[in-house]
Number of protein chains: 2
Amino acid sequence: MPHNIPTPTLNRLPIYYRRLLDAGEEGAAYVSSAELGRSAGVPPAQVRKDFSYLSQKGRPGVGYEVPALASHLEEFLGLVNAKEAVLAGVGNLGRALALYPGFPAYGLHIVVLFDNDPDKVGQEVGGRTIIPVGQMGDTVRRRKIRIGIITTPAAVAQEVADAMVEAGIKAIWNFAPQSLEVPGDVYVKNEDLAAELAVLSHHVNQMKIVPEEEPA
Amino acid sequence: MPHNIPTPTLNRLPIYYRRLLDAGEEGAAYVSSAELGRSAGVPPAQVRKDFSYLSQKGRPGVGYEVPALASHLEEFLGLVNAKEAVLAGVGNLGRALALYPGFPAYGLHIVVLFDNDPDKVGQEVGGRTIIPVGQMGDTVRRRKIRIGIITTPAAVAQEVADAMVEAGIKAIWNFAPQSLEVPGDVYVKNEDLAAELAVLSHHVNQMKIVPEEEPA
DNA sequence: TAGATTGTTAATCGATTAACAATC
DNA sequence: TAGATTGTTAATCGATTAACAATC
């Protein structure tokens with residue numbers, strides 16, 4: 001019944017998943033909502049509610065079966081078949097994401113890198129050759145890639161997004177400080193690092209006045 | 001009255017701020033809640049409500065004064081005095097953040113880089129020399145740094161966080177996929193890139209079944 | 001059985017949105 | 001004045017939490 005799952009729930013699922021993997025390695029057959037909740041910083045009732053959206057049942061008095069729940073989450077999150085993504089803008093941040101070790105662990109792979117800087121085109125990053133943005137359309141279409149990552153300067157982000165949408169990309173992870181205009185059937189997740197650090201800085205300033213608790 | 005500002009509001013403020021800077025450059029003296037709302041993807045009423053928490057008044061029929069509102073937000077977000085941060089773990093991601101051009105634009109500066117890899121200690125990144133983690137305490141205390149960024153492997157994240165807390169860090173931006181235990185007066189913002197990409201991947205999978213709209 | 005933990009309902013909490021009188 | 005846009009209240013929406021009977 002993956003129908004109308006709250007966004008906060010969705011964001012917690014990968015955290016539960018990670019905890020399940022760890023529990024599995026430790027040899028645990030069952031894990032309780034209390035334990036999963038601890039890993040995500042939420043109360044046990046929240047965990048049970050979250051799983052109720054997925055119709056995932058546990059055993060009263062015992063907990064949730066580790067392998068069964070893990071594989072259900074894998075399927076639900078779309079991690080069963082390796083997912084492929086394309087990345088545009090191979091600056092420092094783009095390079096870091098291209099080489100980030102956490103993605104393959106989730107079956108996620110950045111398979112193509114684009115950049116328009118002639119100095120960068122042709123370079124290799126983690127075994128992938130950087131190709132010019134103009135060739136993006138063909139490649140994305142041919143490989144049926146659906147996820148695009150934008151780590152370009154703000155000035156060209158919209159243009160890159162347009163090209164991605166045109167090529168069939170359906171979800172964009174946007175690291176450029178620039179809000180993107182896309183059709184309604186394309187999902188955009190903005191990751192504005194400077195804005196986030198600014199909020200952190202605000203928290204530090206306020207800390208003596210109003211003690212802040214960590215948001216979920 | 002910065003008393004009990006909702007987290008979503010707080011996260012929108014830097015977006016409004018950026019729009020105000022742009023509007024200022026375009027020579028606008030006033031900007032409407034409708035326009036600010038567009039930049040953040042929320043309705044005008046939301047913008048007005050957000051400012052009501054800050055007791056920021058606009059002029060009915062006209063809008064909000066660009067320079068006044070911008071400088072109020074600057075102060076509120078703690079961007080007036082340059083903010084300093086320390087970063088531990090100079091891998092690809094750490095390096096990218098250390099060189100990220102968006103931070104200085106907000107008056108935010110990563111002033112010290114730590115790593116325990118003997119090969120990295122002594123290297124320069126953007127004019128800053130990498131020093132060993134063992135020296136963190138003294139430096140953070142001496143410079144009264146309050147913000148710490150963790151881009152280490154998960155295995156050492158807790159240890160680094162402990163050292164940061166011990167040295168007086170009050171806000172931690174944690175990029176390691178590892179939940180941290182810290183005292184109640186320390187704010188932790190987790191940035192789990194793999195989890196976020198996993199959620200994105202899920203959206204792509206679901207897209208044909210349930211059309212998703214972009215969350216605020 | 002006794003103890004533990006679930007699933008779910010109802011209560012609570014908090015954020016968003018609509019609506020409109022007040023104001024420039 | 002007429003038109004535009006604010007500030008704020010009340011209604012709505014949605015997520016979290018408490019509580020407890022049901023179940024292993």
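Convention: sequence-line order gives letters A, B, ...; per-chain numbering from 1.
- A close approach under 4.0 Å does not occur between any side-chain nitrogen or oxygen of B:K57 and OP1 or OP2 of C:dC24.
- Taking CD1 of A:I150 as the start and CG of A:L93 as the end, the distance is 12.5 Å to the nearest 0.5 Å.
- Between B:Y64 and D:dG7, a side-chain N or O to OP1/OP2 separation shorter than 4.0 Å is present.
- Annotation: side chain to side chain donor-acceptor pair (under 3.5 Å) contacts of B:Q56 (sequence neighbours excluded): B:H72.
- Counting any heavy atom pair closer than 4.0 Å across all strands shown, B:F51 reaches no nucleic acid atom.
- If you take OH of B:Y53 and P of D:dT8, they are 12 Å apart, rounded to a whole angstrom.
- Across the protein-nucleic acid pair, B:N4 atom CG and C:dC13 atom P stand 13 Å apart, rounded to whole Å.
- If you take CD of B:E65 and C1' of D:dG7, they are 17 Å apart, rounded to a whole angstrom.
- Among the protein residues, A:E35 comes within range of no part of the nucleic acid, since none of its heavy atoms lies under 4.0 Å from any strand.
- Interatomic distance, A:L10 CG to B:H203 NE2, rounded to the nearest 0.5 Å: 5.0 Å.
- Residues A:T151 and A:N92 fail the side-chain proximity criterion, which asks for heavy atoms closer than 4.5 Å.
- Between A:E26 and A:R19 there is a salt bridge, with a side-chain nitrogen of the basic residue lying less than 4.0 Å from a carboxylate oxygen of the acidic one.
- Checking each of A:Y16, A:Y17, A:F51, A:Y30 against A:Y64 for a ring-ring contact (aromatic ring centres under 6.0 Å, His included) leaves exactly one that passes, namely A:F51.
- The side chain of A:P60 has D:dC24 as its nearest neighbour among C:dC24, D:dT17, D:dC24.
- If you take CG of B:D50 and P of D:dT6, they are 13 Å apart, rounded to a whole angstrom.
- Taking atom CD on B:Q46 and atom C1' on C:dA15, their separation rounds to 7 Å, with Å as the unit.
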Canonical and wobble pairing (Watson-Crick, G-U, under 3.5 Å) of DNA chain C, dot-bracket with |: ..||||||||||||||||||||||
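- The 5' end of DNA chain D is approached more closely, in terms of each residue's nearest nucleotide, by B:G58 than by the other of A:R59 and B:G58.
- Taking atom NZ of A:K49 as the reference point, atom P of D:dT17 lies 12 Å away to the nearest angstrom.
- Contact annotation: A:S52 side-chain N/O to C:dG7 OP1/OP2 distance is not under 4.0 Å.
- DNA chain D is contacted by both B:V31 and A:P8; B:V31 maps to the nucleotide lying nearer its 5′ end (nearest heavy atom per residue).
- For the pair A:Y30 OH and C:dG3 C1', the interatomic distance rounds to 17 Å; values are reported in whole Å.
- If you check D:dT17, D:dG7, C:dT23 against the side chain of B:R48, the one that comes closest is D:dG7.
- Between the CD1 atom of A:I5 and the P atom of D:dA15 there is a distance of 11 Å, given to the nearest Å.
- Among the candidates A:R146, A:R143, A:R128, the single residue satisfying the salt bridge (charged side-chain N to carboxylate O under 4.0 Å, His left out) test with A:E84 is A:R143.
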